[in-house]
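I have placed the structure first, in the form of structure tokens, so that the comments after it can refer back to it.
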Amino acid sequence: MDKSYSSANEEQIYSLWEKSGAFTPKIDKNKKPFSIILPLPNANNPMHMGHALFTVQDILIRYHRMLGDPTLWLPGGDHAGIETQFVYEKELQKQGHSRFDFDRQTLYQQIWDFVEKNRTLNQFQMKKLGYSLDWSRYHYSLEPQILDNVRATFKKLHADGLIYRDEKIVNYCTHCGTAFSNLEVEHKTVASHLWYIKYGPLTVATTRPETMLGDTAVAVNPADKRYQHLIGTTVTLPLVNREIPVIGDKSISLEFGTGAVKVTPAHSPEDYDMAKTHQLDFIRIFDYDGKSNQNVPQKYQGFYPKQLRDQVVADLDTAGFLEKTEDYTHEVGHCYRCGRPIEPITAPQWYLKIDKLAQPAIQAAKEGKVKFFPLRFKKAYLDWMENIRDWNISRQIVWGPQIPAWYCLDCNPQIKLNFLDKNKNLISGVYADLKDKYSFDDIKSGLQSLLAPIDAKYLVDLPTGETCPHCHGHHLLQETDTFDTWFLSGQWPLSTLGFNVVDPKNSSEDFHYFYPTSVMDTMWDILFFWVARMIMFGLYLTKEVPFKLVHLHSRVVDAKGQKMSKSKGNVIDPLVMSEKYGADALRMSLVYGIAPASDFVVSEDKIRAQRNFVNKIWNASRFVLMLIDKFKETDPSLKLAPFSQRGIPLQREGDFSPSDLSILTSLNNIIDSTNRDLGRYHFGQASENLYQFFWHDFCDVYIEDAKNRGPEVVPVLLTVLINSLKLLHPFIPFVTESIYQILRENIQLDEDQLITSSWPQPIKFG
RNA sequence: GGUUGUUUAGCUCAGUUGGUUAGAGCGCAUCAUUCACAUUGAUGAGGUCGCAGGUUCAAGUCCUGCAACAACCACCA
């Protein structure tokens, strides 16, 4: 053996495991399986520390595999809708292009190729960290069979009356060109102003003066004595000179501002609700490109919100409508992707009625069918679930599966189309105006997006021959909105295990055996995005939860407790670290001393310390072998096997020296405590105890003592060493397996490899 | 505005159901070393366990209040 451990042969060890089929479980109906679905990484992303935290799952997986459970860890890759499109658009920008330069088919193909380049890289990197994933069951989110399932789920939801289109206020990012769900909006504190504007006899206070051009009412609290008498009258909207009603609404606070609020139903969620109850008009003043449109006086058209604000405030001031301006700090929603302010705007979108899905998901958590670790996330989950609102499942992006709905252009001539003509010029307009100038085939092949009026008729099945059942025309176009990426990944445990949405009884053997899975481990930041949706879909489609336990872990921070980010320059690359110190050292450093569900603190110092530990194990093993060689010289018939192994008789307590007894007792204790700690997800404690046991109890005390003893130490020495390697294997698989393979060449061992060896049992003295 | 978490050695953090002199890694100090490992060993310095009360024979650990920090949720102008 070399003088120090080298991680150079890790690849060799991994392929040893892979070739032996150790990652693929044998389905045995008499045994209870253990299974984890890997939170599917973005197929386009190179590995980062977040992925290195999957180590926790590998520890559980390796532990259960050694316990003898049929154990499945199923890997996958996610096309990651908006995330990936955003990254690709930045690439386009570097080349001097934008998404508007391509028809959607071409753009889709380009992104597809872009992702394919990186997809295998991502798999290779997870192998580097030693993840014992069953690659024979790898799935990619855009596989045909997965897409079939997703479309089938949509059809089922539609048939159950849970899908509808509506034109509500959505969180719209004009830069990304798409709507987002509430979860994708980041609230940031912004120092701004409160503008007081005179509307005839009233003065309103607002943070968004520019939207006044779209006001359709002024609201006051009906109990407000100052304004009661004005309810039912009208006031003149400044700059626009439109008469708008004064309405009474209980939601208005008497204390805030002036107690009178301008109402802009098309650009404010609160105002939208008020407009619905009071049947007010909706005047949308911004288009989906972010600029003010023809619904405002000519001089205000074509402005972005910020510019429009400056103009409107200036004009209000000169005309004497601006009473005063106060400093005001408040929360403003920003796009989680590009960081720009979200524009609340009315837009037609596809929605999923969530109540029927949420109720069983709430029940399941309350009844403990799905458990949470740590427990506090159960409350977070229930709070969110109980206040859940209908889910906007449509996104106006290209990268992802299109919503399976088709419009007949002849039946819906008011559909707005954006497409590239033969000369690559962008053409926009409603079909009624365009149909005589362009052929349907030109429109279809150059199509970027369509926008169907909210009352447009659609089909959820593409009829044979693409013939409209109503007008028998052939001008059908599929909805260009794509699914929210979580609509797909929310069904991930079902899709990857081969659940058949159309015919559940016909699902695969994997599904029947491994579903519900045992544990879902993920970072808490996608508890609502992903975990909650998986529970809802799982219960909706199969009546069973997709996993019995949700294990939430925290994020990786640097030694100062700061979140890693490129801009801070404190990012530690797991691949660089595993290259430098070995994957084992990195893995161990990620769990060592970390309390359950608290932040993972990573620093190079810590990784180096664990590299030293890995080397210590290597050298202790080397020393044991050297000692054995020495004894063999004097006694060639020496039995070279751990005494705990089959075929070697158990010994009486009296046969052991005090130091033997002491180390064997410690070994028994560490076996018990490791079982206990792994059973309750205390990986940090388990690794710390093992570290202490091996380095101090075994190396510093027992081995030091063994130096002064004869061949009789061999059975105990080997027993403790082999069992230590087993206990440590889930944490540091490479070094333990390397040593085991070397030991096997020299001594008599029952089992071929550590990865599939049996988990240690406490030693019973005869 | 609502919720949750954190506060223990110079730094980063452990500390299971309350039980003797409170632990680890890194860092620091002194010493050792042709010895499996300098990616080593031994010894040591360093903590009124955020603050104030309370329960208990006993509290870092349970309860109450306070403070600081962090995160999450949230349609209030």
Side-chain angles (χ1 to χ4, degrees), chain A residues 1-6 168-169 171 182-183 185-187 194-196 204-209 211 218-220 249 251-253 255-264 268-274 328 330-331 333 344 374-377 379-380 382-384 387 389 524-525 527-528 554-555 557-563 581-582 585 588-589 592-627 673 676-677 679-680 682 684-689 691-692 695-696 699-700 703-704 706-707:
Chain A
M1 285 176 86
D2 294 337
K3 232 182 141 180
S4 62
Y5 173 69
S6 154
K168 308 194 230 189
I169 287 267
N171 306 299
N182 290 337
L183 284 173
V185 177
E186 281 180 2
H187 293 86
L194 205 51
W195 286 271
Y196 289 75
V204 299
T206 180
T207 55
R208 294 209 58 191
T211 61
V218 172
V220 298
D249 194 287
S251 71
I252 308 302
S253 153
E255 287 81 37
F256 191 91
T258 60
V261 181
K262 64 191 266 313
V263 182
T264 321
S268 154
E270 307 83 46
D271 299 1
Y272 177 89
D273 290 344
M274 258 190 272
Y328 185 66
H330 65 139
E331 301 286 312
L375 193 58
R376 71 183 127 98
F377 285 107
K379 181 173 163 46
L382 286 174
D383 284 351
W384 189 73
N387 295 300
R389 276 177 286 165
W524 45 248
D525 64 341
L527 175 62
F528 306 136
S554 196
R555 55 192 185 157
V557 297
D558 68 8
K560 289 174 189 153
Q562 289 189 312
K563 196 173 165 180
Y581 299 107
M588 191 71 175
S589 75
Y592 187 90
I594 299 295
S598 62
D599 285 349
F600 288 82
V601 183
V602 179
S603 66
E604 195 163 342
D605 278 348
K606 206 176 158 189
I607 299 168
R608 198 182 298 119
Q610 295 306 327
R611 186 271 317 263
N612 295 354
F613 176 57
V614 166
N615 189 55
K616 187 75 185 178
I617 298 169
W618 178 263
N619 268 294
S621 309
R622 183 159 82 106
F623 181 69
V624 169
L625 279 177
M626 289 168 82
L627 215 54
S673 75
R676 197 169 58 242
D677 285 335
R680 54 188 187 150
H682 287 207
Q685 195 62 48
S687 59
E688 234 177 304
N689 290 342
Y691 181 102
Q692 281 300 109
W695 199 316
H696 298 113
C699 294
D700 292 345
I703 291 185
E704 284 308 312
K707 286 178 181 173

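All values below come from the heavy atoms of this structure, side chains included, with hydrogens, waters and symmetry mates left out. Just so it is clear: chains get the letters A, B, ... in the order the sequence lines come, proteins before strands, and each one is counted from 1.
B/rU39 and B/rG27 have their P atoms separated by 12 Å, given to the nearest Å. Between B/rU64 and B/rG1, the two C1' atoms lie 24 Å apart (nearest whole Å). The separation of B/rA74 from B/rC11, taken at their P atoms, amounts to 36 Å, rounded to a whole angstrom. Of the C1' atoms belonging to B/rU7 and B/rU48, the separation is 16 Å, rounded to the nearest Å. Comparing the P positions of B/rG47 and B/rG41 gives an interatomic distance of 26 Å, to the nearest angstrom. The C1' atoms of B/rC62 and B/rG19 are separated by 14 Å, rounded to the nearest whole Å. B/rA52 and B/rU43 have their P atoms separated by 36 Å, with the value rounded to a whole Å. Distance check on atom P: B/rC69 versus B/rA29 gives 35 Å, rounded to whole Å.
Within 4.0 Å of A/His682, counting heavy atoms only, lies no atom of the nucleic acid at all. Using a 4.0 Å heavy-atom criterion, one finds that A/Ser603 contacts no nucleic acid atom at all. Residue contacts shown for A/Gly593 are limited to sugar-phosphate atoms, with no base heavy atom under 4.0 Å away. Residue A/Trp618 is out of contact with every strand shown, counting any heavy-atom pair closer than 4.0 Å. In this structure, A/Ile252 reaches the bases: a heavy-atom distance under 4.0 Å links it to at least one base atom across the strands shown. Using a 4.0 Å heavy-atom criterion, one finds that A/Tyr196 contacts no nucleic acid atom at all. Nucleic acid contact for A/Arg208: none, since no nucleic acid atom lies under 4.0 Å from a heavy atom of the residue.
The aromatic rings of A/Phe613 and A/Trp695 sit parallel to each other, their planes meeting at less than 30°, with 60° as the upper class boundary.
The side chain to side chain contact (heavy atoms under 4.5 Å, CB included) search around A/Thr264 returns A/Thr211, A/Asp215, A/Lys262, A/His267, A/Asp271, not counting sequence neighbours. Applying the ring-ring contact (aromatic ring centres under 6.0 Å, His included) criterion to A/Tyr196, with sequence neighbours excluded, gives no partner residue. Not a single ring-ring contact (aromatic ring centres under 6.0 Å, His included) links A/His187 to another residue, sequence neighbours left out.
Separating the NZ atom in A/Lys616 from the CG atom in A/Asp700 is a distance of 5.5 Å, to the nearest 0.5 Å. Of the inter-residue distances, the one linking A/Asn619 atom CG with A/Met626 atom CE reads 9.5 Å to the nearest 0.5 angstrom. The structure places CG of A/Asp383 at 8.0 Å from CZ of A/Phe528, a figure rounded to the nearest 0.5 Å.
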Subject >> Test side chain to side chain contact (heavy atoms under 4.5 Å, CB included) applied to A/Val261 and A/Val220, step by step >> reply: CA-CA 6 Å; A/Val261 181; A/Val220 298; over 6 Å; no

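Atom-to-atom, CG of A/Leu527 to P of B/rC72 comes out at 13 Å; the value is rounded to the nearest Å. Summarising the geometry, the separation between CG on A/Asn387 and C1' on B/rC72 is reported as 14 Å, rounded to the nearest angstrom. Atom CG in A/Asp383 sits roughly 12 Å away from atom P in B/rG5 (whole-Å rounding). Counting to the nearest Å, the C1' atom of B/rC76 and the CE atom of A/Met274 are 9 Å from each other.
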Original post:
Nucleotide by nucleotide, 5' to 3', does protein get under 4.0 Å of the base (B), only the sugar-phosphate (S), or neither (-) in nucleotides 17-28 of chain B, counting heavy atoms?
Top reply: -------SSS--

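For the OP1/OP2 pair of B/rA14 and a distance below 4.0 Å, the side-chain nitrogens and oxygens of A/Ser598 include at least one atom meeting the criterion.
Residue pairs satisfying the salt bridge (Lys or Arg N to Asp or Glu O under 4.0 Å) criterion with at least one member in residues 593-604 of chain A, sequence neighbours excluded, are listed as follows: A/Arg555-A/Asp599, A/Lys580-A/Glu604.
When Watson-Crick and G-U wobble pairs are counted only if both distances are under 3.5 Å, B/rG5 pairs with B/rC69. Pair assignment for B/rU21: none, as no Watson-Crick or G-U wobble contacts are both less than 3.5 Å.
In this structure, of B/rC73, B/rU4, B/rC13, it is B/rU4 that holds the atom nearest to the side chain of A/Lys379.
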Below 3.5 Å is the cut-off: list the nitrogen or oxygen pairs between protein and nucleotides 35-37 of chain B, distance only.
unit_1: B/rA36; atom_1: O3'; unit_2: A/Arg622; atom_2: NH2; d: 3.3
unit_1: B/rA36; atom_1: O2'; unit_2: A/Asn619; atom_2: OD1; d: 2.6
unit_1: B/rA36; atom_1: O2'; unit_2: A/Arg622; atom_2: NE; d: 3.3
unit_1: B/rA36; atom_1: O2'; unit_2: A/Arg622; atom_2: NH2; d: 2.6
unit_1: B/rA36; atom_1: N7; unit_2: A/Lys707; atom_2: NZ; d: 3.3
unit_1: B/rA36; atom_1: N6; unit_2: A/Glu704; atom_2: OE2; d: 3.0
unit_1: B/rA36; atom_1: N3; unit_2: A/Asn619; atom_2: O; d: 3.1
unit_1: B/rC37; atom_1: O4'; unit_2: A/Asn619; atom_2: OD1; d: 3.1
unit_1: B/rC37; atom_1: O4'; unit_2: A/Asn619; atom_2: ND2; d: 3.4
unit_1: B/rC37; atom_1: O2'; unit_2: A/Asn615; atom_2: ND2; d: 3.2
unit_1: B/rC37; atom_1: O2; unit_2: A/Lys616; atom_2: NZ; d: 3.0
unit_1: B/rC37; atom_1: N3; unit_2: A/Lys616; atom_2: NZ; d: 2.7

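For the residue pair A/Ser603 and A/Asp605, no side-chain donor N or O sits within less than 3.5 Å of a side-chain acceptor on the partner.
With RNA chain B read from its 5' end, the first of the two nearest nucleotides for A/Ala595 and A/Arg376 is the one closest to A/Arg376.
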